[in-house]
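Notes to accompany the following structure.
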Protein chains: 2
Amino acid sequence: MPALPHAAPATLHDVAREAGVSLATASRSLNGSARKVNDDYRQRVLAAAARLNYSPNFSAQAIAKGSTSTVALVVSDIADPYFSSIAAGVIRAAEAEGLIVTMAVTERNPERELELVRALRGQRPRVMILTGSRSVDSEHQAALITELTAFTATGGRVVLISQEGLPFNTVVVDNYLGARALANALVAQGYRTFAALTGAETLVTSRDRLAGFADGLAEHGIAIHPDRVVRGEFTRDGGFAAATELLATGLEQVDLVFAVNDVMAIGAMSALREAGIDVPGDIAVAGFDDIDTARDVTPALTTVNIPLTDVGRQAVALALSDTARTGDEAVRVATRVILRASSPAR
Amino acid sequence: MPALPHAAPATLHDVAREAGVSLATASRSLNGSARKVNDDYRQRVLAAAARLNYSPNFSAQAIAKGSTSTVALVVSDIADPYFSSIAAGVIRAAEAEGLIVTMAVTERNPERELELVRALRGQRPRVMILTGSRSVDSEHQAALITELTAFTATGGRVVLISQEGLPFNTVVVDNYLGARALANALVAQGYRTFAALTGAETLVTSRDRLAGFADGLAEHGIAIHPDRVVRGEFTRDGGFAAATELLATGLEQVDLVFAVNDVMAIGAMSALREAGIDVPGDIAVAGFDDIDTARDVTPALTTVNIPLTDVGRQAVALALSDTARTGDEAVRVATRVILRASSPAR
DNA sequence: ACCGATTCGGAATAGGCTTTCCCTCTAGGC
DNA sequence: GCCTAGAGGGAAAGCCTATTCCGAATCGGT
């Protein structure tokens, strides 16, 4: 059977012909321009469009009016609840503005991120939102800045999520202060000896949280023994592995394990459980992010809340705001320590 | 300060001029057409492009060659791990094919789904993948079919996920059989009296799972008392609420609560725990989907595994396969009962 | 009844790119 | 050395829509 030739989608031209009007009139009828068109004609055009199942070609529209209505969102891993919650906020806010969201996933790879941004530029999105995986690795960093600058130079808006210090609009999550507050709260709960599970050395988020936590402890004269700081991937499995590694070094005197994010904390809890260690009886655990499932694990996870959906929403709002034209606006979102059963007072 | 006029992005034209070659040559150099271009010229073009920070305009390309390279993905709720895992699979597979993914969220609203599909058509995506929220509500259903048919009629590929019976390519998850197998397995574990938490009546997925579960029990002469089937939203909070409602009716003799999906099951577990009921000591729980966190809650959740990421991958593969041209191909994915601590043998 | 001011349909153009078609130039065959 | 073929650059057509510019028709005022 020969590949049956698909009819091409109806074009505005087809609609105009079908309705017996000019292209201009058809266009004006269908997307209510400044110019009015006689209601008679309008109806005819609308009817013709319906009859032909017409759907406007966004690409053509984009090219004709020189701007698209898409928001490009870059995340590390959409299956990670941290990112999917932010994405949910971005999508909701974008749709409310009549914008379409395109999404790309870096798989936590800076190189890939650069490629993606480069490719995404081709879409001529109104806004590009980058979240996660910012690293201090300066090589890709520089190239990324170049690329983003080229984008903003041509009118694009860039918003970074949770990555301070770059010359772009940013929704800032105060990882440092949040972690410090958490440390204080945990000390107040009676904890004294800590271990930490952290992400790759180059990950800014991971660094900030660890630094904040350490500084918070330092206020009380407490330090984390270097052997008790274990690196792992920034994922559930990374947390599981890191906790396992930590176990190997002996955890007898440790009161509480702080994981720099919730998914790691949850992985760690599973690892501890499998090793026959009771949480929080033997060791308490705390995370960061307050992802949805943090309250559903047992014991419920002590963490630092970030209003993730809101972060997404704010990112869109920031991108669209007039003040953001300058490109170095910062919006801060508040974090909040949430004490739950995984770190009872002792 | 006057809004500084942004320079327009460099066009292919600019690149050609900068390189001192024709438009055609520039185009050919940059995206390797069938025609070869002298390496000398090529280099000149590439250099010019780099110098100008050129990025091809996808809209223009799309319009010029009459086809885009985007995949449109429609999900109910991206923050739900079921959908985000599928999305991860879709995105990975799409990116491997050089396709861009655009995503839209229905918020579980059929009307919204229809609107979105209508809008998405305007993107002229190569592929449209719809997942979730299929309902038997025939009104929107008919309109949706019309819209999708118009799309396929013009060469677009449609793939439905987990929604049999519609005249489109489908990745079929055998909800019915999976649930039946689960019921059998649970009876084998020694459970005899069941309650169920289910989604909206019109949700096909929910219906199929409940029916399969009921039929599985029926094989052993067991029926679920109608009062013990509670409807709730297809979400964590829905599960929490439904379980709370169930508690009000008294659960003394119930051995196990089956929730038609994992997020509901996890919500239910939290509700039971808050009510002071021990899981699985007092009541066992089982879910469906095997989302990542199912293994991390305590007790780990008994469920039916669906290879979610793979489902997404398969959807893309199916859409791109030649055999899918007919538009009613079905790919089945296997489900697998996973017994965990939430339903120990008794 | 006539003139200027609106209103509104239509033709034409623009917008960035791909691709066909034409034509020149070079290499190879005899 | 001449002719043919093939390689490859360039001009131009075309993809689909929005919009500007024109001109015709209508309306109101006097």
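Throughout, a chain's letter reflects where its sequence line sits, starting with A, and its residues are numbered from 1.
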Thr170(B) and Val159(B): CA distance, side-chain angles, deciding distance, side chain to side chain contact (heavy atoms under 4.5 Å, CB included) verdict: CA-CA 5 Å; Thr170(B) 307; Val159(B) 173; over 6 Å; no

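Among the protein residues, Phe58(B) comes within range of no part of the nucleic acid, since none of its heavy atoms lies under 4.0 Å from any strand. In this structure, Thr11(B) reaches the sugar-phosphate backbone alone: every heavy-atom distance under 4.0 Å involves primed, P, OP1 or OP2 atoms, never a base. In this structure, Leu12(A) reaches the sugar-phosphate backbone alone: every heavy-atom distance under 4.0 Å involves primed, P, OP1 or OP2 atoms, never a base.
Side chains of Gln123(B) and Thr68(B): no donor on one and acceptor on the other come within 3.5 Å. Side-chain contact, Thr25(B) with Ser22(B): a donor N or O sits under 3.5 Å from an acceptor N or O.
Distance Asn38(A) CG to dT7(C) P: 14 Å, rounded to the nearest Å. Going from atom CZ of Arg124(B) over to atom C1' of dC17(C) covers 18 Å, rounded to whole Å. The CD atom of Gln43(B) sits 17 Å away from the C1' atom of dG8(D) (whole-angstrom rounding). Distance, Gln123(B) CD to dT17(D) P: 15 Å, rounded to whole Å. Between Gln61(B) atom CD and dT19(C) atom P the separation is 9 Å, expressed in whole Å. As rounded to whole Å, 13 Å separates atom P of dT19(D) from atom CG of Leu30(A). Between Asn57(A) atom CG and dC15(D) atom P the separation is 13 Å, expressed in whole Å. Look at CZ on Arg35(B): it is 11 Å from C1' on dG6(D), rounded to the nearest Å.
Closest contact between the side chain of Ala24(A) and the listed nucleotides dA18(D), dT19(C), dT20(D) involves dT20(D). Among the nucleotides dT19(D), dG10(D), dT18(C), the one closest to any side-chain atom of Leu23(B) is dT18(C). Each of dT18(C), dT19(C), dT19(D) was ranked by its minimum atom distance to the side chain of Asn31(B); first place goes to dT18(C). Minimum atom distance to the side chain of Ala60(A) is reached by dT17(D), of the listed dT18(C), dT17(D), dG10(C). Distance from the side chain of Ser27(A) is smallest for dT19(D) among the nucleotides dG9(C), dG10(D), dT19(D).
Thr102(B) contributes atom OG1, which lies 9.0 Å from atom CE of Met128(B) (distance to the nearest 0.5 angstrom).
Of the residues near DNA chain D, Thr25(B) and Ala64(B), the one whose nearest nucleotide (by heavy atom distance) lies more toward the 5' end is Thr25(B).
Without hydrogens or angle criteria, Arg124(B) side chain to Gly156(B) main chain gives no donor-acceptor distance under 3.5 Å.
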